[in-house]
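This structure is a prediction, so every number in the text was calculated from the model and none was measured. Worth knowing before you read on, the calculation uses all heavy atoms, side chains too, and leaves out hydrogens, waters and symmetry mates.
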Amino acid sequence: MQYELKTRQVCLFIIALMPLTKLFLMPSILAEHANEDMWISALINLLIDFLTLIPIVIACKKSKTGFFELMENTFGKIFSKIILFLYFIYFMLKAILPLNEQKDYIDYTLYTLRPTLAYFLPFFIVAFYLCFKRLKVLGRLSDILWFISLNGFITLFALSLTNADFSAILPIGANGMANILLASFKSLNWFGDAVFIMFFIGEFEYKKGFSLKISVNMKHFSQ
């Protein structure tokens, strides 16, 4: 069987692309509602992601067909199309905030003058173009971009580590469970990354140790 992706590329996809949407606005949303307990709110959402990942990994292990074929075989053609349409709406809504974040980043960080629509057109053209490419292209991009993303994270943490005040997280739980759960709810849009792995079902060869690798990557690069 010819697979579109390699197991390595699925893991690198998490490192290269998923954390980028969590750097700009999500920390401030968590801090607004949970203050120093924001890490607990993020941990709750991460736990939800892990619980979602378990059946997806099982499906990756046992399924011999792609996600779309698996849906048709399980629910039939009509009902599977309804489910896929709901997924379409979900991902379109999920994309609104990251797109606005990138726009704000360009507006407030990269340009001293007011940017025009022309600055954003290349981004939308490339994104639209990639929507029509095979998964193999996404795997190759992950092979290239993971090192750039990882280098950026290491640099970011290295520059901020000397200014970190770890005592600021104390006392733990001072904001109350209601605020912690509210922060989790408000930041849910930046999580749910395990759902993306669902579309890779049947597109790569499941090998021993994949569950551990994907879980470690989700833990370190989805927060």
Side-chain angles (χ1 to χ4, degrees), residues 1-22 26 45-99 123-146 149 187-223:
M1 182 176 179
Q2 193 73 20
Y3 294 101
E4 290 285 327
L5 299 172
K6 295 180 172 60
T7 305
R8 177 194 74 253
Q9 293 173 333
V10 177
C11 296
L12 294 180
F13 169 81
I14 297 175
I15 300 175
L17 301 175
M18 286 188 176
L20 299 178
T21 61
K22 299 178 175 62
M26 188 194 75
N45 288 345
L46 187 62
L47 178 61
I48 296 174
D49 273 358
F50 271 114
L51 294 177
T52 306
L53 186 64
I54 292 174
I56 294 176
V57 171
I58 294 174
C60 289
K61 181 178 181 180
K62 295 186 176 181
S63 179
K64 301 301 180 182
T65 62
F67 173 72
F68 301 106
E69 292 81 3
L70 182 62
M71 290 283 290
E72 288 187 359
N73 294 337
T74 305
F75 300 107
K77 288 188 177 182
I78 296 178
F79 194 59
S80 64
K81 289 181 179 179
I82 295 175
I83 296 176
L84 292 175
F85 178 72
L86 294 176
Y87 272 123
F88 170 77
I89 296 177
Y90 167 76
F91 283 113
M92 290 297 291
L93 294 175
K94 186 177 176 63
I96 292 175
L97 276 176
L99 288 175
F123 168 78
F124 289 108
I125 292 174
V126 172
F128 185 76
Y129 171 75
L130 290 176
C131 288
F132 293 93
K133 303 303 291 184
R134 298 171 60 181
L135 280 177
K136 186 179 294 186
V137 174
L138 185 62
R140 291 172 179 172
L141 286 175
S142 300
D143 280 331
I144 298 172
L145 296 177
W146 77 271
S149 297
S187 61
L188 275 176
N189 188 73
W190 285 273
F191 291 86
D193 295 331
V195 181
F196 291 106
I197 308 300
M198 179 174 61
F199 292 94
F200 298 154
I201 294 175
E203 302 294 346
F204 66 96
E205 184 180 2
Y206 185 95
K207 294 182 179 180
K208 186 177 181 180
F210 172 76
S211 300
L212 178 61
K213 291 178 182 178
I214 204 75
S215 298
V216 170
N217 281 319
M218 288 288 293
K219 176 182 178 182
H220 287 90
F221 295 99
S222 293
Q223 290 190 18

Do [X] and [Y] have side-chain heavy atoms sitting under 4.5 Å apart?
| X | Y | answer |
| --- | --- | --- |
| Phe191 | Ile48 | no |
| Ile56 | Phe67 | no |
| Phe91 | Val195 | yes |
| Asp193 | Ile14 | no |
| Phe13 | Gln9 | no |

Minimum-distance pair of heavy atoms, taken over all atoms of [X] and [Y]:
| X | Y | result |
| --- | --- | --- |
| Asp49 | Gly192 | OD1-N, 3.0 Å |
| Glu72 | Ser80 | CG-OG, 3.6 Å |
| Leu130 | Val137 | CD2-CG1, 4.1 Å |

Whether over 12 other heavy atoms sit under 6.0 Å from [X] [atom1]:
| X | atom1 | value |
| --- | --- | --- |
| Ile78 | CD1 | no |
| Tyr90 | OH | yes |
| Lys94 | NZ | yes |
| Tyr87 | OH | no |

Item to check | Qualifying residues under side-chain hydrogen bond (donor to acceptor under 3.5 Å, both in side chains), relative to Asn45, sequence neighbours excluded | outcome: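 Ser187.
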
In this structure, is the centre-to-centre distance between the rings of Phe196 and Phe200 below 6.0 Å?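 So the answer is no for these two rings.
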
Note to self: Pair Leu135, Leu138 - check side-chain contact (heavy atoms from CB on, under 4.5 Å), show working.
What the structure shows: CA-CA 5 Å; Leu135 280 177; Leu138 185 62; 4.2 Å; yes

* Once you round to the nearest 0.5 Å, how far does NZ of Lys136 lie from NZ of Lys6? ->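 Nearest 0.5 Å value for the NZ-NZ distance: 7.5 Å.
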
Notebook entry, point to check: Roughly how far, to the nearest 0.5 Å, is the OG atom of Ser63 from the CD1 atom of Ile201?
Noted result: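 So the CD1 of Ile201 and the OG of Ser63 are separated by 6.5 Å.
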
Quiz prompt | Backbone of Gly76 reached by a side-chain donor or acceptor of Lys81 within 3.5 Å | solution =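 Looks like no, no N/O pair under 3.5 Å.
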
Under 3.5 Å, is there a donor-acceptor pair between the side chain of Ser149 and the main chain of Trp146?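 Not a single qualifying donor-acceptor pair exists.
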
- Task: Please name all residues satisfying salt bridge (Lys or Arg N to Asp or Glu O under 4.0 Å) with Arg8, sequence neighbours left out, ordered by chain then number.
- Result: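 For Arg8 the salt bridge (Lys or Arg N to Asp or Glu O under 4.0 Å) partners, ignoring immediate neighbours, are Asp143.
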
